[in-house]
Amino acid sequence: MGKSDESIVITGDTDLPPNVTIGSRDHPMVIIIDGNWGGGNVTMHGILYVRGNANVAGNPKIIGALSVAGTMSGTGSLDVIFDPFALENASGLSKAGVISGTWRDWL
């Protein structure tokens with residue numbers, strides 16, 4: 001994704017890109033998915049908030065915190081490692097970013 005030190009809102013159901021690392025302990029991300037999350041083979045440093053359901057496939061690793069408003073299910077192996085340092089660094093984020101291919105200005 002090439003993003004760090006940002007907050008991103010993804011509208012709709014999504015999987016995070018496979019086989020990538022998003023953010024770092026010193027430069028975490030805040031990602032809000034306004035829909036359902038399907039998991040994937042991703043490592044993320046920071047906070048992931050899913051407003052829908054999480055049906056995890058693959059082996060995602062979240063280092064920081066994960067919150068799912070709906071139900072949690074799946075066949076994958078989800079690792080969530082609480083990291084207060086990553087959360088502390090993420091708490092000051094105030095700028096937003098756009099993930100390539102997610103913006104539409106037509107109906």
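FYI, the numbering just counts along the sequence from 1. Because the structure is predicted, anything quoted here is derived from the model rather than measured.
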| field | Within one Ile-Leu-Val-Met-Phe-Trp-Tyr cluster: M72 and I81, side-chain cutoff 4.5 Å | value | no
| request: Determine the minimum heavy-atom distance between P28 and G46, stating which atoms define it. | output: CB-CA, 3.7 Å
| said: Applying a strict under-4.5 Å side-chain criterion to I, L, V, M, F, W and Y, I'd like to know whether L78 and I63 cluster together. | reply: no
| Heavy-atom side-chain contact between W37 and L16 under 4.5 Å | yes
| request: Please test H45 against T21 for side-chain contact (heavy atoms from CB on, under 4.5 Å), starting from the C-alpha separation and ending with a verdict. | output: CA-CA 8 Å; H45 295 265; T21 298; 4.0 Å; yes
| Backbone N or O of N19 within a donor-acceptor pair of the N41 side chain at under 3.5 Å? | no
| said: Tell me the closest heavy-atom pair linking I22 and P17, and the distance in Å. | reply: CD1-CD, 4.4 Å
| query | Where is the tightest heavy-atom contact between G39 and P60, given as atom of each residue plus distance? | reply | CA-CG, 4.3 Å
| message | A side-chain contact here means heavy atoms from C-beta on lying under 4.5 Å apart; do D79 and N59 qualify? | response | no
| Atom pair CD1 (I62) and OG (S67), whose distance is rounded to the nearest 0.5 Å | 12.0 Å
| message | I need the I33 CD1 to D15 CG distance, nearest 0.5 Å. | response | 8.5 Å
| field | Nearest-0.5 Å distance that lies between atom OG1 in T71 and atom CG in N53 | value | 3.5 Å
| Can you tell me how far the CZ atom of R51 sits from the CG atom of D34, to the nearest 0.5 Å? | 4.5 Å
| message | If I take atom OG from residue S24 and atom CE from residue M44, how far apart are they, to the nearest 0.5 angstrom? | response | 11.5 Å
| task | Rounded to the nearest 0.5 Å, what's the gap from OG1 on T14 to CD1 on I31? Could you check? | result | 9.0 Å
